[in-house]
Amino acid sequence: MARETEPEEHESPKPFWSGVVTFGLVSLPVSLFPATRGSTLRLRMVDADGTFLERRFFSGDELEPLESADIARGYEVEAGRFVVIEDDELESLEPEKSREIDLGEFVALPDLDPVHFERAYVLVPDGGATKAYRLLAKTMEAQERAGIATFVMRGKEYLCAILSERGILRVETLRFRDEVRTPDAIGLPRKQDADAGDVAELAKAIRSLQAKKLDRAHLEDRRTRRIVGYAEKKRKAGTDVVEGGDDEEEAKESTTDVIDLMQVLRERLEGKVRARRATADGGGTSAPKGKAADRLDDKSKSQLYATAQKMEIPGRSAMTKPQLIRAIRRHAH
């Protein structure tokens with residue numbers, strides 16, 4: 001009889017952000033994972049020979065591209081007049097770094113208008129917080145309440161709603177009031193009473209199209225499938241195929257790991273994984289020294305920026321990923 005081998009230990013991916021949900025005397029360590037990801041289709045900008053193109057800034061009619069040190073940000077106070085704000089001034093206005101999701105209040109679910117939802121994340125319990133996580137999720141779901149909280153991520157303060165669905169806590173970052181258009185601003189007609197006969201007729205039409213549940217096939221990205229299929233057809237025919245550049249670093253920056261959130265959540269709730277705490281703003285990278293500087297290629301642009309920020313490298317906010325790597329290596333040596 002064949003001997004069963006132990007499956008390889010599943011290595012939990014690093015969280016996007018880690019911290020603590022706090023309210024009252026409750027302190028719940030959690031990790032934050034994006035619940036969504038961008039389209040898998042990416043069309044790159046290349047020239048006729050397949051070389052990668054990059055965006056450059058130019059001043060007025062001058063033909064020479066500007067260097068990052070020559071670029072500043074300006075707030076327009078009136079037509080044609082700007083107040084220039086330097087990078088260090090912007091950084092001084094950033095909120096204080098914090099590891100807390102400060103849960104300020106609980107509101108009824110109907111009070112939350114989905115139009116304010118901006119981006120979804122999944123909260124996963126850290127370490128031994130499984131019991132507290134389950135208790136909070138179950139209680140919130142039973143009372144049909146959502147938590148309203150604030151937290152700091154990558155130098156920006158976010159307002160968010162914490163929701164519980166089927167024992168899982170989800171975070172929705174919220175748009176602020178001035179980011180949402182009102183019906184009056186859009187120009188919608190005023191509400192009027194509808195004819196009872198018309199309502200009955202429309203209700204009949206809706207019932208004829210009712211489905212017991214959403215057909216998951218509706219969620220497939222048909223456009224991407226069509227474009228990829230067309231590109232493959234041209235590749236096989238040898239039409240318009242060019243050899244691309246060797247911009248490896250740019251290509252790395254564009255790729256994102258596909259994270260199986262349900263697998264991560266299942267393991268955390270079953271206590272199989274000891275969560276590795278990741279600090280905010282790119283995993284707590286520190287100034288590289290020696291061999292550490294040679295591993296910069298594997299870091300994301302946000303992690304590199306966090307390192308450059310700690311090293312006080314000037315002009316870092318306008319740098320591309322390759323430029324950040326070169327600047328950090330120069331500074332480290």
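Only a predicted model underlies this, so the values are computations on that prediction, with no experimental measurement involved. These values consider heavy atoms only, across backbone and side chains, with no hydrogens, waters or symmetry-generated copies.
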Practice problem: State, to 0.1 Å, how close Ala120 and Glu172 come at their nearest heavy-atom pair, and which atoms those are. | Solution: CB-OE2, 3.5 Å
Determine whether [X] and [Y] make a side-chain contact, defined as any pair of heavy atoms from C-beta on separated by less than 4.5 Å.
X	Y	answer
Arg119	Thr36	yes
Leu136	Ile162	no
Val30	Val20	no
Tyr158	Lys156	yes
Ile101	Leu123	yes

Quiz item: Thinking salt bridges, do Glu220 and Arg222 make one under a 4.0 Å N-O criterion?
Solution: no
Quiz item: Taking 4.0 angstrom as the limit, do Glu201 and Lys204 come out as a salt bridge?
Solution: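 Here Glu201 does not pair with Lys204 in a salt bridge, since their nearest N and O are not under 4.0 Å apart.
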Exercise. Please check if the side chain of Lys321 supplies one atom and the backbone of Lys299 the other of a donor-acceptor pair under 3.5 Å.
Key: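 Checking the backbone N and O of Lys299 against the side chain of Lys321, a donor-acceptor pair under 3.5 Å is found.
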Practice problem: Check whether any side-chain N or O of Thr51 sits under 3.5 Å from a backbone N or O of Asp47 as a donor-acceptor pair, and report yes or no. | Solution: no
Self-check item: Remaining members of hydrophobic cluster (4.5 Å side-chain criterion), Leu163
Solution: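 Members alongside Leu163: Val107, Leu109, Leu112, Phe117, Ile148, Leu159, Leu174, Phe176.
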Please determine whether the number of non-hydrogen atoms from other residues, nucleotides or ligands lying under 6.0 Å from atom [atom1] of [X] exceeds 12.
X	atom1	answer
Arg216	CZ	no
Glu89	CD	yes
Lys131	NZ	no
Glu118	CD	yes
Gln192	CD	no
Phe58	CZ	yes
Phe106	CZ	yes
Glu76	CD	yes

Quiz item: Can you tell me how far the CD1 atom of Ile71 sits from the CZ atom of Arg56, to the nearest 0.5 Å?
Solution: 8.5 Å
Quiz item: Out of curiosity, Ile313 CD1 to Arg330 CZ, how far, rounded to the nearest 0.5 Å?
Solution: 8.0 Å
Quiz item: How far apart are the C-alpha atoms of Phe33 and Phe16, what are their side-chain angles, what is the distance that settles it, and do they pass the ring pair (Phe, Tyr, Trp, His ring centres under 6.0 Å) test?
Solution: CA-CA 5 Å; Phe33 291 87; Phe16 190 73; 9.2 Å; no
Exercise. For Asp221 and Leu41, run side chain to side chain contact (heavy atoms under 4.5 Å, CB included): C-alpha distance rounded to whole Å, both residues' side-chain angles, the deciding distance at 0.1 Å, then the answer.
Key: CA-CA 10 Å; Asp221 187 352; Leu41 173 68; 5.8 Å; no
Exercise. Determine, using ring centers only, whether Phe151 and Trp17 are less than 6.0 Å apart.
Key: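 For Trp17 and Phe151, the ring centres are under 6.0 Å apart.
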Practice problem: Give a yes-or-no answer on whether the side chains of Asp102 and Thr150 include a donor-acceptor pair shorter than 3.5 Å. | Solution: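 Short answer, no.
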